[in-house]
Amino acid sequence: MDKPYIAAEAHECKQRAEDPMLPSDERLVWAQLATAAELAAIRKLLSKRR
């Protein structure tokens with residue numbers, strides 16, 4: 001059994017979401033993860049500014 005792909009950064013999730021070789025439902029999950037990672041990065045930057 002292969003190990004699942006683990007993305008560490010938002011851009012890696014985005015790359016997976018844009019991969020035409022993956023099924024559309026899996027791509028949708030990667031797109032949601034990319035969005036969540038981007039929002040987390042924005043929240044982190046905003047909290048540092050305060």
Side-chain angles (χ1 to χ4, degrees):
M1 184 171 169
D2 293 335
K3 288 186 178 182
Y5 180 82
I6 298 175
E9 299 288 334
H11 72 275
E12 294 172 330
C13 293
K14 186 175 184 250
Q15 288 173 346
R16 296 286 289 189
E18 295 173 345
D19 185 353
M21 299 302 288
L22 295 175
S24 60
D25 56 342
E26 188 173 333
R27 291 174 61 193
L28 179 60
V29 171
W30 283 110
Q32 290 172 327
L33 290 171
T35 302
E38 287 291 336
L39 289 173
I42 291 168
R43 280 193 301 270
K44 186 176 179 179
L45 287 173
L46 288 174
S47 69
K48 285 183 179 181
R49 295 175 100 192
R50 295 181 185 172

Chemist: Under the side chain to side chain contact (heavy atoms under 4.5 Å, CB included) rule, collect the residues that match up with E38, sequence neighbours excluded.
Modeler: A10
Chemist: Side chains of residues 20-36: which donor-acceptor pairs under 3.5 Å do they make with residues two or more places apart or in other chains?
Modeler:
| from | atom 1 | to | atom 2 | distance (Å) |
| --- | --- | --- | --- | --- |
| R27 | NE | A17 | O | 2.9 |
| R27 | NE | D19 | O | 3.3 |
| R27 | NH2 | A17 | O | 3.4 |
| T35 | OG1 | A31 | O | 3.0 |

Chemist: Members other than L45 in its cluster, when Ile, Leu, Val, Met, Phe, Trp, Tyr link by side-chain heavy atoms under 4.5 Å?
Modeler: none
Chemist: Taking ring-ring contact (aromatic ring centres under 6.0 Å, His included) as the cut-off, I'd like each qualifying pair that reaches into residues 31-50, sequence neighbours left out, listed once.
Modeler: none
Chemist: Return the set of residues passing side chain to side chain donor-acceptor pair (under 3.5 Å) with E18 (not counting sequence neighbours), or none when no residue passes.
Modeler: K14
Chemist: Side-chain heavy atoms under 4.5 Å apart, restricted to Ile/Leu/Val/Met/Phe/Trp/Tyr: what other residues fall into the cluster of I42, or is it alone?
Modeler: L46
